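Here the structure is a predicted model, which is why all the values come from computation and not from measurement. Along the sequence shown, residues are numbered consecutively beginning with 1. Excluded from the calculations below are hydrogen atoms, water molecules and symmetry mates; all remaining heavy atoms, backbone and side chain alike, are included. One-based numbering, in listed order, for ligands and for the atoms of each.
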Amino acid sequence: MKIGLIDVDNDGKTGKRFPNLALMKLSAWHKQQGDTVEWYQPMFSGHMDRVYMSKVFSWTKDYEYYIDADEVIKGGSGYCISLQNGREVYNKEADKPLPFEIEHIMPDYSLYGITDTAYGFMSRGCPRGCGFCHVAAKEGKKSYKVADLKEFWSGQKYIELLDPNTLACEDWKDILWQLANSGAYVDFNQGVDIRLMTEKKAEIIQKMRTKHIHFAWDSYKDKNIIVPKLKMFKDITNWERSKVTVYVLCGFDTTMEENLERIQIIRDLNFNPYVTLYDSQHIERGSELKRLQRWVNNKWVFWKCGSFDEYMKM
Ligand code: SF4
């Protein structure tokens, strides 16, 4: 068969390409069947037996050109998750999970010319069900192990772990040790749920090669859980702001005072705060929230300028 692939999020105009994992798995599986696989290019590809279109982000514009193929299959979160009234809504009908044998195949990294990084999930699902996130609805309100590391890693220098919430998985110890024992640099792409940190987990993470770790402090009401956990993590690992960033979600359910307090606590711990704005596209440029984001996320300015008031006077 002649197979075409379209990475809808990467139209070639954007700079850095984050590879589409589903397409890399589809490519690997079809090549295993003896099919020819190529990026679909309307001007040059000619007629295809099948074209897969994959879209990860709901806000990416859909592919709008004619596709010359017997069959076109669309899939990915970008097609089954939509933003409605600022919330992510999951449409089960539009979800097309990959068949088991494709989901669990070693991805074809050559599709993106990647040689030094492995991408994949060792667990799926999340028990949290945060109001702004689709993971619980799409993957289940429980974290469960789905793969061993060797399923998508074969000695690459870097590992991008895409798990939504590894620490919530009952197999966390197995997963963390596999990552630590790999000797590769591990990046928890989706961040780590600091509320579920324990001394044992922190000790294993400290043994991992990781350039940087991200936590999230989304809701102010978690202060009494998060602050002691951040302190415990710091005491065990001795990691500071060069290695630890804490995402601070603003504009969802917190006041400006609560935003500033979280940022100050993170600063006092010598970790890097990083402001993420909920429904950012609908927040006016020049608004207080956008200026807060500019102050905090520009590290040079943030560590030079001690308070938001001071920054606002600049
Ligand atoms: S903890 Fe993270 S993955 Fe889980 S529901 Fe909340 S935002 Fe989503």
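Among residues at least two apart or in separate chains, side chain to side chain donor-acceptor pair (under 3.5 Å) pairs with a member in residues 288-299 are S280-K290.
A distance of 4.0 Å separates CG of D174 from NZ of K145, quoted to the nearest 0.5 Å.
Only protein atoms were considered; those of element N, O or S under 2.8 Å from atom 4 (Fe) of ligand 1 number 1.
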What donor-acceptor contacts under 3.5 angstrom involve side-chain atoms of residues 219-227, with partners at least two apart or in another chain?
residue : atom : partner : partner atom : Å
S219    : OG   : D253    : OD2          : 3.4
Y220    : OH   : E261    : OE1          : 2.7
Y220    : OH   : E261    : OE2          : 3.1
D222    : OD2  : R195    : NH1          : 3.1
K223    : NZ   : E261    : OE2          : 2.6

request  = Take F271 and W239, measure what ring pair (Phe, Tyr, Trp, His ring centres under 6.0 Å) needs, and give me the verdict at the end.
outcome  = CA-CA 8 Å; F271 291 155; W239 291 357; 9.5 Å; no

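In summary, R50 and D35 do not engage in a salt bridge, as defined by a charged side-chain N under 4.0 Å from a carboxylate O.
Checked against side chain to side chain contact (heavy atoms under 4.5 Å, CB included), E170 has the following partners two or more places apart in sequence or in another chain: K142.
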